[in-house]
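Everything on this sheet refers to the single structure shown next.
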Amino acid sequence: MPTPRQLEMNRRDLMVVAGACAAFSTTAGGARAQPAPAGEPVLSEVSFSVNGRNHRLELDTRTTLLDALREQLHLTGTKKGCDHGQCGACTVLLDGQRINSCLTLAIMNAGAEITTIEGLGGVDNLHPMQAAFVKHDGFQCGYCTPGQICSGVAVLDEIKAGIPSHVSHDLTGAMAPTAAEIRERMSGNICRCGAYSNIVEAMTEVAGRQG
Amino acid sequence: MRAFSYEKASSPADAAAAAARSPDAKFIAGGTNLLDLMKLQIETPTHLIDVNGLGLDKIESSPDGGLRIGALVRNTALAADERVRRDYAVLSRALLAGASGQLRNRATTAGNLLQRTRCPYFYDTAQPCNKRRPGSGCSALGGFSRQLGVVGISDACIATHPSDMAVAMRALDATVETVKPDRSTRSIPVADVHRLPGNTPHVETVLDKGELITAVTLPKPVGGTQIYRKVRDRASYAFALVSIAAIVQRDGSGRIALGGVAPKPWRVETAEAELPRGAKAAAEAILADAKPTRENAFKLPLVERTLGAVLAQARG
């Protein structure tokens with residue numbers, strides 16, 4: 001239970017926040033903006049589609065796509081791990097390509113089509129990659145799993161599209177979903193529980209089925 | 001992250017002009033390096049100019065038989081381009097050796113060139129760093145310097161340029177095209193884009209305020225066996241301790257550029273005459289002025305051995 005003094009401080013903090021909101025200036029998309037007075041938050045509008053639904057949001061310019069997904073749209077499947085593009089927990093698909101949603105501003109993605117783990121499938125309609133992760137035990141704690149699965153889906157698409165990797169022997173030849181290729185291409189998704197070998201098995205099974 | 005205003009530029013020249021108008025403006029493209037640094041308040045722009053959507057995302061064959069790579073071409077798209085894979089394999093290989101799949105999908109050609117060092121003291125805002133806070137001192141000298149530079153460095157800074165792509169572009173004699181706020185354009189050899197630290201390690205390139213990179217051009221293909229060899233602490237997704245971009249011809253002549261050892265992609269053209277004499281002679285000539293720390297002195301023999309492996313691979 002908070003003490004009365006803590007409550008009072010919370011109220012004062014709220015008033016400070018309200019004051020800051022009143023000072024917000026809105027930047028219209030595409031319009032030439034004036035530099036913000038030092039330290040003053042700036043709001044901007046953006047529209048994009050997430051999992052097939054269109055959203056129009058008014059956001060502090062600083063809001064990353066990750067924070068917009070989690071805090072504004074309440075799609076909390078996408079996880080915040082390191083928040084610096086090192087761990088891959090925040091991986092989503094942007095116009096079909098995997099990206100770190102922590103390293104792009106939401107307002108930079110006007111008109112984009114974003115797919116999160118919720119858009120790939122749910123409990124009643126698992127995506128084949130989700131089902132394969134369950135079958136092969138491709139996780140332990142599960143925190144990195146949404147990013148692993150989004151990345152895994154995109155990796156198989158990249159191999160099918162003939163995009164080479166660091167371990168591809170022939171740059172100009174056909175690409176194959178070998179274990180070495182999967183491991184290299186998944187190196188941007190860290191799993192502290194160490195489920196890597198089971199993740200490779202899950203992806204190998206899905207790749208074989210797609211064959 | 002500090003607050004900032006934001007605009008989408010409508011043309012490259014307008015973007016440059018907008019950057020000149022705002023004292024603390026930055027261009028943002030992929031954002032994979034800038035947003036990381038903004039979260040740590042190492043970069044604190046008050047205004048961001050979004051240059052995505054300026055039509056600079058195309059790779060075109062140029063009349064002289066070379067290639068013109070738009071500044072906004074993503075690293076994945078450049079590495080996967082058929083012409084690059086066929087005629088500039090060292091560039092594909094270098095790109096694929098860098099970062100992760102997610103980062104390569106967003107990171108751009110120009111952004112890759114202009115990315116900041118990963119020196120741990122540049123990243124640690126509690127420590128002095130002449131690059132981050134000019135005049136505050138260099139914590140890396142006498143600090144944890146295993147990853148840092150051995151050549152081209154100064155008493156003020158021993159940071160390395162982290163790019164793999166730029167090392168290949170240096171070997172390929174690439175040229176950087178820019179537009180300035182007054183709408184004038186210029187071409188700069190990639191060799192001259194990055195400055196050595198000297199006493200001003202915070203001034204990293206020769207680009208003027210507001211000057212925007214619009215493209216990188218490659219001369220017509222030079223053939224040869226093209227190799228990018230990267231030595232790092234992990235098998236994937238780590239910065240180079242040492243990397244070598246090599247283009248070796250049948251007669252044993254060739255070009256060598258090094259990554260992971262200097263404040264810019266490191267190439268010493270005069271040292272390439274030593275290549276037919278072997279890795280030891282060539283490595284000694286390339287690193288003639290090296291001043292390693294105790295922690296990173298291993299990079300000198302590592303360059304020689306890596307070059308030996310590269311030359312053996314080139315001979316087949």
Side-chain angles (χ1 to χ4, degrees), chain A residues 25 27 29-42 44 60-64 83-86 88 90-92 94 97-105 107-111 147 150-151 154-155 158 161-168 170-172 183-190, chain B residues 1-10 14 18 21-25 28-36 38-40 45-50 52-53 74 76-77 79-80 82 84-86 89 92-93 95-107 226 228 230 234-238:
Chain A
S25 54
T27 307
R32 178 171 293 170
Q34 293 303 309
E40 208 171 282
V42 181
S44 187
D60 187 312
T61 53
R62 291 171 287 188
T63 312
T64 60
D83 207 24
H84 287 277
Q86 298 171 2
C90 68
T91 303
V92 300
L94 173 72
Q97 285 195 322
R98 58 185 170 140
I99 65 157
N100 299 116
S101 62
C102 74
L103 286 186
T104 184
L105 297 171
I107 53 172
M108 290 166 65
N109 292 286
C150 285
S151 205
V155 160
E158 287 165 17
I163 294 171
S165 86
H166 178 62
V167 298
S168 307
D170 180 2
L171 271 185
T172 54
R183 283 181 181 277
E184 159 61 23
R185 291 170 191 265
M186 291 294 287
S187 70
N189 290 82
I190 311 297
Chain B
M1 207 185 299
R2 298 271 176 85
F4 55 85
S5 50
Y6 170 88
E7 71 178 292
K8 277 190 189 297
S10 50
D14 287 346
R21 272 196 303 274
S22 314
D24 295 309
I28 188 163
T32 52
N33 188 212
L34 181 59
L35 288 171
D36 177 26
M38 286 170 65
K39 289 180 185 191
L40 296 165
T46 56
H47 187 60
L48 283 188
I49 300 156
D50 186 341
N52 290 291
R74 312 285 162 176
T76 298
E82 270 181 42
V84 176
R85 284 197 257 177
R86 185 185 64 222
S92 259
R93 288 289 183 195
L95 283 158
L96 296 171
S100 66
Q102 291 96 316
L103 291 169
R104 289 193 297 270
N105 280 343
R106 291 316 287 162
Q226 303 197 4
Y228 189 78
K230 182 173 180 179
R234 295 191 297 260
S236 183
Y237 198 20

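These figures come from a predicted structure and were not determined experimentally. When reading the values below, keep in mind they use all heavy atoms of this one structure, side chains included, and skip hydrogens, waters and symmetry mates.
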Is it the side chain or the backbone of L48(B) that comes within 4.5 Å of chain A heavy atoms, both, or neither? side chain
Among G101(B), G53(B), G30(B), A89(B), residue most engaged with chain A (heavy-atom pairs, under 4.5 Å): G101(B)
Yes or no on side-chain contact (heavy atoms from CB on, under 4.5 Å) for Y237(B) and L103(B), after CA distance, side-chain angles and deciding distance? CA-CA 10 Å; Y237(B) 198 20; L103(B) 291 169; 3.6 Å; yes
So which of L105(A), I107(A), V167(A), V155(A) has the largest heavy-atom pair count under 4.5 angstrom toward chain B? I107(A)
About how many Å separate CD1 of I49(B) and CZ of R21(B), when rounded to the nearest 0.5 Å? 7.5 Å
Donor-acceptor side-chain pairing of S151(A) and R98(A) below 3.5 angstrom: yes
If we define contacts as heavy-atom pairs under 4.5 Å, which of P164(A), S165(A), G85(A) has the most with chain B? P164(A)
Honestly, the part of D36(B) sitting under 4.5 Å from a heavy atom of chain A is both
Does any backbone or side-chain atom of L94(A) lie under 4.5 Å from a heavy atom of chain B? Answer side chain, backbone, both or neither. side chain
Checking A79(B) against chain A: side chain, backbone, both or neither under 4.5 Å from a heavy atom? backbone
Need one label for T91(A): side chain, backbone, both or neither, based on atoms under 4.5 Å from any heavy atom in chain B. side chain
Pick from E82(B), K230(B), M1(B), R93(B): which one has the most heavy-atom pairs with chain A under 4.5 Å? R93(B)
Between R2(B), R234(B), R85(B), which has the largest tally of heavy atom pairs under 4.5 Å with chain A? R85(B)
Here the gap from I28(B) atom CD1 to M38(B) atom CE, rounded to the nearest 0.5 Å, amounts to 6.5 Å
What distance separates I163(A) CD1 from S92(B) OG, expressed to the nearest 0.5 Å? 11.0 Å
Which atoms of A29(B) approach chain A - backbone, side chain, both or neither, heavy atom under 4.5 Å: backbone
Comparing T172(A), D83(A), T64(A), T104(A) against chain B, the one with the most heavy-atom pairs below 4.5 Å turns out to be D83(A)
State which residues pass salt bridge (Lys or Arg N to Asp or Glu O under 4.0 Å) with D50(B); sequence neighbours excluded, sorted by chain then number. K8(B)
Can you measure from OG (S187(A)) to CD (Q102(B)) and round to the nearest 0.5 angstrom? 8.0 Å
Look up atom CG in L103(A) and atom CD in Q86(A), then write down how far apart they are to the nearest 0.5 Å. 9.0 Å
Quick one: of E158(A), H166(A), M186(A), who has the most non-hydrogen atom pairs under 4.5 Å with chain B? H166(A)
CZ of R86(B) to CG of L171(A): how many Å apart, nearest 0.5 Å? 12.5 Å
